[in-house]
Undergrad: 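Starting off with a structure, shown below.
Small disclaimer: the values here were computed from a predicted structure and weren't measured. Numbering of residues begins at 1 and proceeds along the displayed sequence.
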Amino acid sequence: VQLQASGGGLVQAGGSLRLSCAASGRAVSSYTIGWFRQAPGTEREFVAGISWSGETVVYADSVKGRFTISRHGAKNTVYLRMDSLKPEDTAVYYCATKTSRYGLAYVQQNPQAALFGSWGQGTQVTVSS
């Protein structure tokens, strides 16, 4: 499967954006998908994940209550709705498939980028203060 993230941009603090992760090659419903972000000089940080069925979602504490992950099977796309954005949310955002056998509960406790693969090209999100 190939993934492509899009929807980033420049927004003021308190604003909203919706990122899209479009899949090609295989149905996105076959995979557990994660969103990560990476700011300059930092490691890739787990943001949110959604199971292949859509029944299980997990979030990093830093975005819980502000971000919402969802999937649209017919459009073969996973979304990340970001509300109440803060300057510290500024980063390149990536989506990827979970390649590890561990479930999302483990990922939430051990949010390692190494548990994911098929990384798509990222999309830049910049939040101004």
Side-chain angles (χ1 to χ4, degrees):
V1 66
Q2 291 79 44
L3 302 178
Q4 177 66 54
S6 63
L10 174 63
V11 63
Q12 289 188 332
S16 299
L17 283 173
R18 189 182 74 165
L19 305 184
S20 299
C21 175
S24 61
R26 289 194 66 178
V28 73
S29 57
S30 300
Y31 300 93
T32 289
I33 301 293
W35 280 98
F36 286 74
R37 65 187 181 186
Q38 189 168 20
T42 69
E43 294 187 351
R44 201 161 289 189
E45 174 192 19
F46 175 77
V47 174
I50 185 167
S51 64
W52 64 270
S53 66
E55 293 181 355
T56 302
V57 296
V58 297
Y59 299 94
D61 288 343
S62 59
V63 306
K64 198 173 296 182
R66 300 188 298 122
F67 290 11
T68 304
I69 189 171
S70 62
R71 64 195 311 151
H72 194 302
K75 294 185 177 182
N76 215 25
T77 300
V78 171
Y79 300 103
L80 184 69
R81 170 75 182 189
M82 306 185 297
D83 295 314
S84 302
L85 282 163
K86 304 175 181 179
E88 51 262 44
D89 294 318
T90 295
V92 177
Y93 284 71
Y94 301 87
C95 56
T97 61
K98 186 174 70 68
T99 53
S100 165
R101 292 185 177 182
Y102 294 109
L104 279 177
Y106 178 88
V107 171
Q108 189 175 32
Q109 298 300 318
N110 301 274
Q112 305 168 37
L115 299 175
F116 289 77
S118 298
W119 293 92
Q121 186 175 354
T123 186
Q124 175 72 47
V125 172
T126 303
V127 184
S128 62
S129 57

Undergrad: Does L80 reach the side chain of V47, with side-chain heavy atoms less than 4.5 Å apart?
TA: yes
Undergrad: Under 4.5 Å between side-chain heavy atoms, hopping through other hydrophobics if needed: is there a path connecting F46 to Y59?
TA: no
Undergrad: Please walk me through it: do T123 and L19 pass side-chain contact (heavy atoms from CB on, under 4.5 Å)?
TA: CA-CA 8 Å; T123 186; L19 305 184; 4.0 Å; yes
Undergrad: Cation-pi between R71 and W52: NZ/CZ under 6.0 Å from ring centre and within 45° of the ring axis?
TA: no
Undergrad: Would a distance-only check, ignoring hydrogens and angles, find a side-chain to backbone donor-acceptor pair under 3.5 Å from T77 to S20?
TA: no
Undergrad: Has N76 got a side-chain atom pairing as donor or acceptor with A23's backbone, closer than 3.5 angstrom?
TA: yes
Undergrad: Given the rule that I, L, V, M, F, W and Y join up when any side-chain heavy atoms are under 4.5 Å apart, are F67 and V57 in one cluster?
TA: yes
Undergrad: Counting the benzene-type ring for Trp, do W119 and F36 have ring centres under 6.0 Å apart?
TA: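 Yes, ring centres under 6.0 Å apart.
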Undergrad: Got a donor-acceptor contact below 3.5 angstrom from the T126 side chain to the L10 backbone?
TA: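 Not a single qualifying donor-acceptor pair exists.
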Undergrad: Roughly how far, to the nearest 0.5 Å, is CD of Q108 from CG of D61?
TA: 7.0 Å
Undergrad: What's the separation between atom SG in C21 and atom CD in Q4, rounded to the nearest 0.5 Å?
TA: 8.5 Å
Undergrad: Report the distance from atom OG of S16 to atom CE of M82, rounding to the nearest 0.5 Å.
TA: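 It is 8.5 Å, given to the nearest 0.5 Å.
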Undergrad: Between R37 and A91 (side chain of the first, backbone of the second, donor and acceptor by atom type, cut-off under 3.5 Å), is there such a pair?
TA: no
Undergrad: Which value, rounded to the nearest 0.5 Å, describes the distance between K98 atom NZ and T32 atom OG1?
TA: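 If I round to the nearest 0.5 Å, the distance is 5.0 Å.
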Undergrad: With the threshold set at 4.0 Å, does a side-chain nitrogen-carboxylate oxygen contact exist between D89 and K86?
TA: no
Undergrad: Check S51 against L104 and note the closest heavy-atom contact, atom names and distance.
TA: N-CD1, 3.4 Å
Undergrad: T97 side chain to T99 main-chain N or O, any donor-acceptor pair under 3.5 Å?
TA: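 No, because the side chain of T97 does not come within donor-acceptor range (under 3.5 Å) of the backbone of T99.
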Undergrad: Taking all atoms of both residues into account, what is the closest heavy-atom pair of G117 and A96, and its distance?
TA: O-CB, 3.3 Å
Undergrad: I need the full list of ring pair (Phe, Tyr, Trp, His ring centres under 6.0 Å) pairs touching residues 79-102, with sequence neighbours left out, sorted by first then second residue.
TA: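 Every pair satisfying ring pair (Phe, Tyr, Trp, His ring centres under 6.0 Å) with a residue in residues 79-102: Y102-Y106.
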Undergrad: How long is the span from the CZ atom in R44 to the CD atom in Q112, to the nearest 0.5 Å?
TA: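 R44 atom CZ to Q112 atom CD measures 14.5 Å (nearest 0.5 Å).
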Undergrad: Between I69 and L115, is there shared hydrophobic-cluster membership here, with clusters defined by ILVMFWY side-chain heavy atoms closer than 4.5 Å?
TA: no
Undergrad: Working note: W35 + V78, criterion side-chain contact (heavy atoms from CB on, under 4.5 Å); need CA distance, chi angles, decisive distance, verdict.
TA: CA-CA 9 Å; W35 280 98; V78 171; 3.8 Å; yes
Undergrad: Spell out, yes or no, whether Y31 and V107 are grouped together once hydrophobic residues are joined by side-chain heavy atoms under 4.5 Å, including indirect joins.
TA: no
Undergrad: Quick check: are there more than 12 heavy atoms from other residues, nucleotides or ligands sitting under 6.0 Å from CD of Q124?
TA: yes
Undergrad: Are V125 and V92 connected into the same hydrophobic cluster when the rule is that any two of I, L, V, M, F, W, Y join if their side-chain heavy atoms are below 4.5 Å apart?
TA: no
Undergrad: State the CG-CG distance between D83 and L17, to the nearest 0.5 angstrom.
TA: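 Taking CG in D83 and CG in L17, the distance rounds to 9.5 Å.
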